[in-house]
Amino acid sequence: MLTLLRLLHIIFIALRYRLDELVLSSIKHPVAHGLLRVVRFGRPPKAPRGLRLRLALESLGPIFVKFGQVLSTRRDLIPLDVALELALLQDRVPPFPSDQAAASIEAALGASPHTLFKHFETDPVASASIAQVHFAVLHDGREVAVKVLRPGMREIIEKDLTLLGVLARLVERLAADGRRLKPRQVVAEFDNYLHDELDLIREASNCSQLRRNFSAERGREHLLMVPEVVWEYCATTVFTMERMRGIPVSQIERLKAAGIDTRELGRMGVEIFFTQVFTDGFFHADMHPGNIYVSDQPETLGRYIALDFGIVGSLSEFDKNYLAQNFLAFFRRDYHRVAQLHIESGWVPATTREEELEGAVRAVCEPYFDRPLSEISLGQVLLRLFQTSRRFNVEIQPQLVLLQKTLLNVEGMGRELDPGLDLWKTAKPYLEKWMHERVGLAGLRKQLDKEASQWSQILPQIPRLVYANLSRQDTGPGLNLELERMRRAQEQTNRLLIALLAVIAVGLGVAVWALTRQ
């Protein structure tokens, strides 16, 4: 009954914001056009389609808001005007009662927050669709932030995901572009994101990995600060981490007033992004201004602070190598190499003509290269490439879509900090150095160092294995004898089959002769 009521509520919201018109206008069928004229009552809606969709998702609640946010990252699948509008969705929802937060902490950690912590602030400092955050102080004096999952979220999510799945199947069947838009795949991707975010132990693990990647041992502590995880106070529904103090990266005037060099900050942001992607293959994939702060403490002034680790991306060695070669080919305007890379990677059919794909890539990139460097957007170039790739049946990889979305965030933040930021100029030397380290002598030495531990165990065994192999009894004559026996047996079988077929043929001949004589 509750599911039916929820479905009726969704239908009401869809009609209120004229989403019926949006769906019908995408169906290329005479009946759909007839229904479209009826629902429009002779006049189309005044508000743009993207705005109506965003308002509808906001009205349907936090799960649909989250879905809209994920959908906004799939600019390879949905129209650009809709994607830009959905990117404006804000994940700000009213907090749930503090007594429920305390009850969740007690159920997860075995004691009330007022016992576990020296001080626990009952009023949350931040509230989102999945969880909310409370500040607290441990008994040893450390200040922490406690993230608590909203009660009953799993049940709510499962119900809404079921309904989204039904809607996705309808879109796939009815809309002209239904199959290309892959609505069921998008819903499945959203399902994965949500279930990952529902497990706060997973988020804590992501945080711990990112902190290790930017530790003093790696020589990167000057680039990015990541909170320390307090594992004793973590569970699937509770995540406790070190409290971080800073200024949101979007508050430019506050940053300048604190004496922070915003131009240097923009350059560092690009370096952090490319370090995560190409060196580590593990990157923070939700780098919007709400999750990125800048330290205003004297000892760490001007260092980036990362928060919220629910969504991270990972890249294989193949992905990293492919991306680096693609970026360098773009920088050098080597469009033929870009086309070759797409075909070699298997993302386009092997029958694709290189020169045709090369021409399409050139048509996308050349207009950008002819602009002043400050007006070139690497993220927009990738976006246009994704859109152009549709006619070549390019299979866009999910991890690269996540990367493209993160790149747009990074580039947007960088341009806010320094309007003259040249992402291309900043990234090119880094990529060239990375490629040199991989394919040059330095790369060979690094790979040998990596494999040394494995080879150190195998090399001492080689003389013994060689001797054992050489001293082993020669089995060649025995094998030859067995093969000869098999050959003779096969010949005998063949002779028997020929004799049997001859008998059958004679029998059939006699039978035919007898029948003709009657």
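Side-chain contact check for F96 versus P124: every heavy-atom pair is 4.5 Å or farther apart. With a 4.5 Å cut-off on side-chain heavy atoms, V294 and I305 do not count as touching. For the pair S208 and W231, the minimum side-chain heavy-atom distance is below 4.5 Å. Counting heavy atoms from C-beta outward, M244 and S295 have side chains that stay 4.5 Å or more apart. At a threshold of 4.5 Å between non-hydrogen side-chain atoms, the residues R303 and L224 do not count as touching. Under the 4.5 Å side-chain criterion, counting only non-hydrogen atoms from C-beta, N213 is not in contact with T275.
In this structure, the ring of F120 has its center no less than 6.0 angstrom from the ring center of F135.
Comment: D280 engages R218 in a salt bridge, judged by a side-chain N to carboxylate O separation of less than 4.0 angstrom. Looking at E203 and K147, a side-chain N of the basic residue comes within less than 4.0 Å of a carboxylate O on the acidic one, giving a salt bridge. Electrostatic pairing of E354 and R337 does not count as a salt bridge here, judged by no charged N lying under 4.0 Å from a carboxylate O. We find that E217 and R212 are not joined by a salt bridge, their nearest charged nitrogen and carboxylate oxygen being 4.0 Å or further apart. Between D261 and R267 there is no salt bridge, since no side-chain nitrogen of the basic residue lies less than 4.0 Å from a carboxylate oxygen of the acidic one.
A 6.0 Å sphere centred on CZ of R362 holds more than 12 heavy atoms belonging to other residues, nucleotides or ligands. Counting non-hydrogen atoms of neighbouring residues, nucleotides and ligands closer than 6.0 angstrom, the CZ atom of R263 reaches no more than 12 such neighbours.
In plain terms, the two heavy atoms of L200 and L149 that are nearest each other are CD1-N, 4.0 Å. Taking every heavy atom of both residues into account, P227 and C207 meet most closely at O-SG, 3.2 Å. Closest of all the heavy-atom pairs between Q100 and P151 is OE1-CG, 3.4 Å. Closest non-hydrogen pair, D296 versus G246, comes out as OD1-CA, 3.8 Å. Minimum interatomic distance between I130 and M153 (heavy atoms only, all atoms of both residues): CD1-CE, 3.9 Å. A pairwise comparison of heavy atoms in S104 and V148 identifies CB-CG1, 3.8 Å as the closest pair.
Remark: the H134 side chain and the E121 side chain contain no N/O donor-acceptor pair separated by less than 3.5 Å.
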Step-by-step ring-ring contact (aromatic ring centres under 6.0 Å, His included) determination, F117 to Y233: CA-CA 10 Å; F117 304 102; Y233 299 96; 5.3 Å; yes

Steps toward side-chain contact (heavy atoms from CB on, under 4.5 Å) verdict (F309, V226): CA-CA 10 Å; F309 310 92; V226 181; 3.8 Å; yes

Intermediate values then yes/no, side-chain contact (heavy atoms from CB on, under 4.5 Å), L86 and L57: CA-CA 9 Å; L86 293 181; L57 293 175; 3.8 Å; yes

Steps toward side-chain contact (heavy atoms from CB on, under 4.5 Å) verdict (Q276, L210): CA-CA 9 Å; Q276 289 183 75; L210 196 63; 3.5 Å; yes

side-chain contact (heavy atoms from CB on, under 4.5 Å) evaluation trace for L307 with I292: CA-CA 6 Å; L307 301 172; I292 304 297; over 6 Å; no

Test log, rule salt bridge (charged side-chain N to carboxylate O under 4.0 Å, His left out), inputs E85 and R49: CA-CA 9 Å; E85 191 66 45; R49 59 182 180 176; over 6 Å; no

Trace of the side-chain hydrogen bond (donor to acceptor under 3.5 Å, both in side chains) decision for T236 with R202: CA-CA 8 Å; T236 55; R202 187 185 182 96; over 6 Å; no

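For R154, the side chain to side chain donor-acceptor pair (under 3.5 Å) criterion is met by no residue, not counting sequence neighbours.
Within the model, atoms CG of N206 and CD of Q209 stand 8.5 Å from one another, a figure rounded to the nearest 0.5 Å. Distance CD/E232 to OG1/T240: 9.0 Å, rounded to 0.5 Å. In this structure, the separation between CD on E264 and CD on E271 is 8.5 Å, given to the nearest 0.5 Å. Distance CZ/R220 to OG/S215: 8.0 Å, rounded to 0.5 Å.
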